[in-house]
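Structure first, commentary second.
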Amino acid sequence: MDQQPTAIFEGTADLKPEHCINRELSWLEFNQRVLDEAVSQQNPPFERMKFLSIVSSNLDEFFMIRVASLWDQIDAGYTRPDLAGMTPRQQISAITARVRVMVRSMYDALRKEILPSLDKAGIRVKSMKNLTPEQAAFVDKYFEEQVYPVLTPMAVDSRRPFPLILNKSLNLGLLIDEGEEEGPSFATVQVPSGLSRVVQLPETDGISVVLLEQVITRNIDKLFPGRKVLCCHPYRITRNADFSLDEDEVEDLLKEVEKGLRQRRWGFAVRLEIDYRADARLVKVLEDALELEGGDAYPIHGPINLDFFMKYLYGLPGFEDLKYPPYTPRALTLAEGQSMFDRIREGDLLLYHPYDSFEPVVRFVRQAARDSKVLAIKQTLYRVSGDSPIIAALAEAADAGKQVTVLLELKARFDEENNIHWGRRLERAGAHVIYGMAGLKTHCKITLVVRSEEEGIRRYVHLGTGNYNDVTAKIYTDHGLFTCDRQIGADASAFFNMLTGFSSLPPMGKLVSAPRDMRPKFMELIQRETRNALAGKRGEIVAKMNSLVDEEIIAALYRASCAGVKIRLIVRGICCLRPGLPGVSENIQVRSIVGRFLEHSRIYQFHNDGQSEVYLSSADWMPRNLNRRVELLFPVEKGQLKAQVMEVLKLQWRDNIKASQLQCDGHYTRLSKAGAKPLNAQEELMHLYSHRKEM
């Protein structure tokens with residue numbers, strides 16, 4: 001008779017707040033792990049600078065979307081607690097406290113670690129008080145000739161209302177003396193985004209730069225002649241950048257998204273970043289004008305918005321020794337005269353980017369565009385690069401008269417404008433472009449090429465865990481599978497017919513799609529391991545993903561743990577599951593890897609009583625992926641390829657350099673290296689793939 005589990009987790013109703021970690025705080029813990037890389041002396045100075053820029057950019061998006069959403073809930077009177085038992089107001093309070101600590105750590109790292117290391121390497125970010133006379137004269141001349149003509153000072157009084165401040169724009173806030181009776185008046189100057197924020201100074205030894213806002217501040221009196229400027233400090237506001245569409249009421253999705261992009265610049269303010277030395281009266285003026293609460297103002301001890309490091313300094317020539325050593329991805333070598341189609345017919349081909357080059361994916365689409373035997377190309381696109389060779393190949397195919405169908409997701413957040421541009425280019429070339437599906441984001445990564453061959457019609461399919469983006473493929477880890485498996489080809493045809501037409505998706509043989517089938521599939525796979533463990537067999541789950549949030553999946557994993565299933569999870573970012581809770585999750589361990597590359601591949605391995613099943617997917621275990629997105633899960637069936645994927649999981653689990661382990665209190669600790677050989681999984685994979693000849 002089957003043994004019963006030691007705790008009851010039959011479904012989500014059994015989850016209690018103490019079993020879960022708040023999603024937003026978990027995301028901030030991920031950002032802390034990125035910040036740890038900025039502090040780590042194991043990383044070269046330019047890479048530390050890059051990690052700091054990533055933290056800054058991540059926080060921007062976090063406030064624009066997640067914090068803004070919480071304020072929307074508060075304004076709507078929504079008080080229902082989340083999985084962890086926190087109301088929206090409680091979450092805002094916890095976020096504010098955590099971010100304040102994080103911001104202090106960021107700027108401590110900048111002042112004490114990163115700027116000194118750059119200075120030592122010959123790159124000096126100078127303040128005005130440290131300029132040489134020659135440099136000071138250069139700055140003043142630069143202001144007069146290049147900056148002053150562009151500036152527009154904006155005063156605020158009874159005739160001039162408070163101006164609209166653009167989202168994420170850098171500005172200077174001023175108080176102007178109006179006499180004792182009147183009190184000071186407010187004025188603001190936007191730092192021109194069209195000019196380089198970094199101004200390079202004349203220097204005989206190394207490179208010296210100042211920031212544009214400092215140049216303007218030094219000369220601020222020239223904008224207000226005859227007036228006394230009491231103080232001048234940089235500030236920046238972050239606005240709600242999320243916009244939702246009632247797609248049932250929308251007649252033209254393209255026009256509505258374009259309208260939403262314009263509105264994004266003027267959403268309500270959710271954060272004020274301002275120089276820590278700013279006059280309290282200046283801060284109060286901004287808080288009142290922007291309708292911010294006191295906790296929404298963050299004092300900044302250094303340059304506001306650190307993305308200038310990546311934009312202007314990271315690419316400086318001559319400092320390659322301050323970066324990671326260059327890595328050349330493994331290339332796919334074809335026999336002379338052999339095409340991608342010839343190679344795929346020999347057997348399934350699995351690529352692991354960036355250890356494997358992304359070039360074969362581009363070559364696959366490009367050869368399909370130029371091959372006279374290819375009848376049709378169908379592809380889903382979510383995020384592509386700014387100068388995408390994939391788009392160019394698809395346009396070439398459409399120009400050549402091939403049937404080209406592209407589902408281009410308009411609602412890919414912060415890539416909407418880019419996708420609109422590419423969609424119009426493809427339409428001009430003659431491609432059929434579908435801009436997503438009503439109520440769903442199309443997030444899956446699939447390409448179908450239909451080719452006429454001697455034996456008849458053959459379908460070639462590429463399935464991926466990451467975007468068709470040749471730029472991010474160099475820094476994101478993702479898997480891609482090429483196959484001409486008949487069943488997968490048939491599934492792919494049915495899937496595209498569902499995307500482009502009104503047909504419902506028939507049952508598929510090997511591919512599993514969300515939102516209809518993926519959740520039931522994952523639940524069945526987890527429950528099978530649970531049943532095996534209860535029957536005295538070995539139960540084991542190893543899964544790698546970006547985020548784990550879904551409460552039904554969490555409850556199923558808790559029940560599996562209680563039944564004795566050994567569960568190892570590699571979750572890069574958000575994890576709402578608490579491992580190691582007595583009687584609940586004692587058999588679950590969670591680790592996170594943050595390193596040179598962004599871990600992005602989704603891998604799901606189930607022991608299946610010794611007959612392991614391995615799946616790759618575009619989907620994380622999140623409600624949005626399983627309920628509100630079009631996603632795909634696909635098996636890796638060939639023995640050698642399956643072994644390669646399982647090898648990745650084993651190697652990453654042994655990482656004790658870049659891996660951290662989640663504790664049941666929601667915090668992460670670095671793995672102990674005591675008695676163990678140091679292992680950086682990403683470096684080991686670079687070594688392995690650079691020495692592997694065959695794909």
Side-chain angles (χ1 to χ4, degrees), residues 59-60 63-65 67-68 70-72 74-75 92 96 147-195 197 212-217 219-243 259-300 303-305:
L59 283 174
D60 282 350
F63 274 90
M64 288 190 291
I65 304 301
V67 173
L70 289 171
W71 279 118
D72 280 338
I74 292 168
D75 292 342
I92 287 289
T96 300
V147 184
Y148 180 81
V150 185
L151 299 177
T152 305
M154 305 284 288
V156 175
D157 57 25
S158 59
R159 293 166 298 166
R160 290 170 287 205
F162 193 90
L164 289 170
I165 308 297
L166 285 173
N167 181 35
K168 297 199 299 178
S169 63
L170 185 60
N171 304 272
L172 295 172
L174 302 90
L175 291 180
I176 308 293
D177 187 12
E178 299 290 354
E180 292 185 8
E181 292 184 5
E182 296 290 332
S185 62
F186 172 79
T188 186
V189 179
Q190 182 175 329
V191 177
S193 59
L195 296 177
R197 190 175 171 196
L212 183 58
E213 62 266 30
Q214 294 174 306
V215 174
I216 300 171
T217 300
N219 292 276
I220 199 67
D221 289 339
K222 296 174 184 175
L223 293 174
F224 300 91
R227 309 295 293 277
K228 182 180 180 181
V229 177
L230 298 176
C231 67
C232 176
H233 297 284
Y235 73 93
R236 179 174 181 259
I237 63 172
T238 314
R239 295 184 178 276
N240 178 359
D242 201 13
F243 63 86
K259 187 195 301 181
L261 289 176
R262 291 191 294 271
Q263 293 172 347
R264 178 178 278 168
R265 303 164 72 193
W266 311 116
F268 65 84
V270 293
R271 176 179 61 161
L272 167 65
E273 297 171 279
I274 188 164
D275 184 70
Y276 77 104
R277 298 162 295 189
D279 190 302
R281 294 171 296 176
L282 176 60
V283 178
K284 184 69 165 59
V285 168
L286 288 167
E287 286 177 338
D288 291 346
L290 299 168
E291 299 181 340
L292 293 169
E293 295 192 5
D296 298 331
Y298 291 82
I300 303 300
I304 295 173
N305 183 19

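Here the structure is a predicted model, which means the values were calculated and not measured. The first residue in the sequence is number 1, and the count goes up from there.
The distance from atom CD1 of Ile274 to atom CG of Leu286, rounded to the nearest 0.5 Å, is 5.0 Å. The line from CZ of Arg277 to SG of Cys231 is 11.5 Å long, rounded to the nearest 0.5 Å. Arg236 CZ to Ile304 CD1: the interatomic distance, rounded to the nearest 0.5 Å, is 8.5 Å. Taken to the nearest 0.5 Å, the CG atom of Asn305 stands 11.0 Å off from the CG atom of Leu59. Rounding to the nearest 0.5 angstrom, the gap separating the CG atom in Asp75 from the CG atom in Leu70 is 11.0 Å. For the atom pair CD1 of Ile165 and CG of Asn171, the computed distance is 5.0 Å after rounding to the nearest 0.5 Å.
Heavy atoms only, all atoms of each residue included: Asn240 and Met64 are closest at OD1-O, 3.5 Å. When every heavy atom of Ile65 is checked against every heavy atom of Ala241, the shortest pair comes out as CD1-C, 4.0 Å. In this structure, Leu175 and Leu282 approach most closely via the heavy-atom pair CD1-N, 3.8 Å. The nearest pair of heavy atoms linking Leu292 to Ala269 is CD2-O, 3.4 Å. Across every non-hydrogen atom of Ala297 and Glu287, the tightest pair is CB-OE2, 3.4 Å.
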Derivation of the side-chain contact (heavy atoms from CB on, under 4.5 Å) call for Thr188 and Phe162: CA-CA 9 Å; Thr188 186; Phe162 193 90; 5.9 Å; no
Checking side-chain contact (heavy atoms from CB on, under 4.5 Å) for the pair Trp71/Val270: CA distance, chi angles, key distance, verdict? CA-CA 8 Å; Trp71 279 118; Val270 293; 4.1 Å; yes
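At a threshold of 4.5 Å between non-hydrogen side-chain atoms, the residues Ser185 and Val156 do not count as touching. Between Tyr298 and Arg271, some side-chain heavy-atom pair lies under the 4.5 Å cut-off. Proximity of Val283 to Tyr235: side-chain heavy atoms (C-beta onward) are nowhere separated by under 4.5 Å. Side-chain contact between Pro184 and Asp177 is absent, with no heavy-atom pair separated by less than 4.5 Å. At least one side-chain heavy atom of Lys168 sits under 4.5 Å from a side-chain heavy atom of Asp60. Counting heavy atoms from C-beta outward, Ile176 and Val229 have side chains that approach closer than 4.5 Å. Cys232 has its side chain out of reach of Val189: every pair of non-hydrogen atoms, C-beta onward, lies at least 4.5 Å apart. With a 4.5 Å cut-off on side-chain heavy atoms, Pro192 and Ile216 count as touching.
For Tyr148, the OH atom counts as loosely surrounded, since its 6.0 Å shell holds 12 or fewer non-hydrogen atoms of other residues, nucleotides or ligands.
Under a 3.5 Å cut-off, the side chain of Asp157 and the backbone N or O of Ala155 do not form any donor-acceptor pair. A distance-only check finds a donor-acceptor pair linking the side chain of Asn167 to the backbone of Arg239 [under 3.5 Å].
When each of Thr238, Asp296, Ile237 is paired with Phe63, the side-chain contact (heavy atoms from CB on, under 4.5 Å) condition holds for Thr238 and for no other.
With sequence neighbours excluded, the residues that form a salt bridge (Lys or Arg N to Asp or Glu O under 4.0 Å) with Glu213 are Arg197.
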Atom pairs and distances, donor-acceptor, side-chain atoms in residues 220-227, under 3.5 Å, two or more places apart:
unit_1, atom_1, unit_2, atom_2, d
Lys222, NZ, Glu144, OE2, 3.2
Lys222, NZ, Asn219, OD1, 2.7
Arg227, NH2, Glu178, OE1, 3.1
Arg227, NH2, Glu178, OE2, 2.2

